[in-house]
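Please read the structure below before turning to the comments.
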Amino acid sequence: MWQTGKGTCAEYVCAGENNFLPKPANLTLEQAAAVPTSALTALRGLRDAGKVQPGQKVLINGASGGVGTFAVQIAKVFGAEVTGVCSTRNVDMVRSIGADHVIDYIQEDFTQSGQRYDLILDQVANHSLSGCRRVLTPQGTHIPNSGNSGTGYVVKALVVSLFVRQQGRPYIAIPNNEDLVVLKELIEAGKVTPVIDRTYPLHETPEAFRYLDKGHARGKVVIILEHNNKT
Ligand SMILES: NC(=O)c1ccc[n+]([C@@H]2O[C@H](COP(=O)([O-])OP(=O)(O)OC[C@H]3O[C@@H](n4cnc5c(N)ncnc54)[C@H](OP(=O)(O)O)[C@@H]3O)[C@@H](O)[C@H]2O)c1
């Protein structure tokens with residue numbers, strides 16, 4: 001079963017039945033556990049905050065991470081031409097999940113590329129807001145979505161978005177069952193598949209978070225229960 005709401009790492013969970021729905025039939029428990037927060041974030045960022053349209057050029061900065069690997073696949077579902085930004089070691093993986101173009105950030109700075117994008121979903125926030133807007137089309141939108149960017153960056157993005165049409169606001173993807181159903185259908189149709197980097201047993205949760213904190217996860221990190229092999 002999938003649960004909506006705030007996440008935690010525990011052996012048991014207690015919640016109202018409205019907060020659950022069946023997991024996608026074609027996923028293991030481990031794969032299903034990787035979906036809700038990151039895939040919902042990608043869906044909301046592209047569809048709601050970014051209002052992505054078929055044929056648009058979409059750039060995903062941080063394309064190889066937990067949210068980014070879903071964002072690449074979901075942007076393709078919406079009919080976008082997708083460019084993913086990641087490091088050298090992840091170029092092939094990002095291409096394999098559907099990116100039309102991949103920029104290796106070690107070799108190339110996408111804000112200096114001269115390309116123009118209709119939408120940038122930014123998981124990393126390692127460039128200035130104005131640098132990102134520089135590579136947008138006149139009607140394009142930059143959606144900053146990094147919790148690591150610091151309060152100053154978020155506040156600046158919020159303030160600039162009041163005056164500059166190209167600057168989208170940071171958003172919070174609050175889980176709900178309707179969007180999980182959308183994702184379940186995409187997954188069961190084979191259009192979206194979770195990318196799992198590593199699994200850790202529950203007692204190694206601190207180690208899992210230490211790994212995540214390094215900022216180079218390749219897809220999702222999943223905590224599994226040792227005793228009954230459930231996630
Ligand atoms: N708005 C919301 O509701 C919401 C919800 C969930 C998460 N978030 C935010 O979304 C952000 C991304 O989360 P996540 O789970 O995807 O993080 P993550 O899995 O830790 O992302 C790690 C990825 O970032 C890539 N990366 C690191 N430096 C980069 C650079 N300079 N340029 C491009 N890519 C780079 C890494 O690729 P390499 O290894 O190739 O460097 C790695 O694959 C977080 O800041 C989080 O706070 C927002």
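Just so you know, ligand 1 is whichever comes first in the structure, and atom 1 is the first atom listed for that ligand. Side-chain atoms are counted along with the backbone in the values below, which use heavy atoms only and exclude waters and symmetry mates.
There is a side-chain donor-acceptor pair under 3.5 Å between D197 and Y211. Side-chain atoms of K51 and T141 form no donor-acceptor pair, as typed in the model, at a separation below 3.5 Å. Side-chain N/O atoms of N26 and E188 include no donor and acceptor closer than 3.5 Å.
Remark: minimum distance from atom 20 (O) of ligand 1 to any protein heavy atom is reached at L212 O, 4.2 Å. With respect to atom 39 (O) of ligand 1, the closest heavy atom belonging to the protein is H216 ND1, 2.9 Å. In terms of protein heavy atoms, atom 18 (P) of ligand 1 is closest to G66 N, 4.0 Å. Looking from atom 45 (O) of ligand 1 to the surrounding protein, the closest heavy atom is G147 N, 2.8 Å. Scanning all protein heavy atoms for the shortest distance to atom 48 (C) of ligand 1 gives N145 OD1, 3.2 Å. Of the protein's heavy atoms, G215 O, 4.0 Å lies nearest to atom 25 (C) of ligand 1. Protein heavy atom closest to atom 32 (N) of ligand 1, with residue, atom name and distance, is Y105 CD2, 3.1 Å.
Near A173, the atoms of ligand 1 lying under 4.0 angstrom from a non-hydrogen atom of the residue are 2 (C), 3 (O). Near S64, the atoms of ligand 1 lying under 4.0 angstrom from a non-hydrogen atom of the residue are 36 (C), 37 (O), 38 (P), 40 (O), 42 (C), 43 (O). Numbered from 1 in the order shown, with element, the atoms of ligand 1 that lie under 4.0 Å from a heavy atom of G65 read 16 (O), 19 (O), 21 (O), 22 (C), 23 (C), 43 (O). Ligand 1 places these atoms under 4.0 Å from at least one heavy atom of S146: 45 (O). Residue N61 approaches ligand 1 through these ligand atoms, each under 4.0 Å from one of its heavy atoms: 32 (N), 33 (C). Under a 4.0 Å criterion applied to the non-hydrogen atoms of Q123, ligand 1 contributes the atoms 10 (O), 11 (C), 12 (C), 45 (O). The ligand atoms of ligand 1 that sit less than 4.0 angstrom from a heavy atom of I172 are 3 (O). Taking every non-hydrogen atom of N126 and a distance limit under 4.0 Å, the qualifying atoms of ligand 1 come out as 30 (C), 31 (N), 32 (N).
For K76, the NZ atom is densely surrounded, since the number of other residues' heavy atoms within 6.0 Å is greater than 12.
Across G84 and V94, no two heavy atoms sit closer than the pair CA-CG1, 4.2 Å. Between P22 and K184 the shortest heavy-atom distance is O-CE, 3.2 Å. Across T111 and R134, no two heavy atoms sit closer than the pair O-NH2, 3.2 Å.
No N or O atom of R218 sits closer than 3.5 Å to an N or O atom of ligand 1. Looking at ligand 1, you'll find an N or O of A217 within less than 3.5 Å of one of its N or O atoms. Backbone and side-chain nitrogen or oxygen atoms of S38 are examined, and none is located within less than 3.5 angstrom of a nitrogen or oxygen of ligand 1. Inclusion of S87 in the set of residues having an N or O under 3.5 Å from an N or O of ligand 1 is warranted.
Using a distance-only test at 3.5 Å, with no hydrogens or angles considered, a donor-acceptor pair links the side chain of Q73 to the main chain of T69. Of the possible polar contacts, none joining the E204 side chain to the P201 backbone as a donor-acceptor pair under 3.5 Å is found.
Contacts with ligand 1 closer than 4.0 Å are made by heavy atoms of both the backbone and the side chain of V67. Contact annotation: for R89 versus ligand 1, heavy atoms closer than 4.0 Å belong to the side chain alone. Heavy atoms of T41 found under 4.0 angstrom from ligand 1 belong exclusively to the side chain.
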Margin query: One pair to check against side chain to side chain contact (heavy atoms under 4.5 Å, CB included): E81 and H101. What are the steps and the verdict?
Written below: CA-CA 8 Å; E81 181 180 328; H101 316 282; 2.8 Å; yes
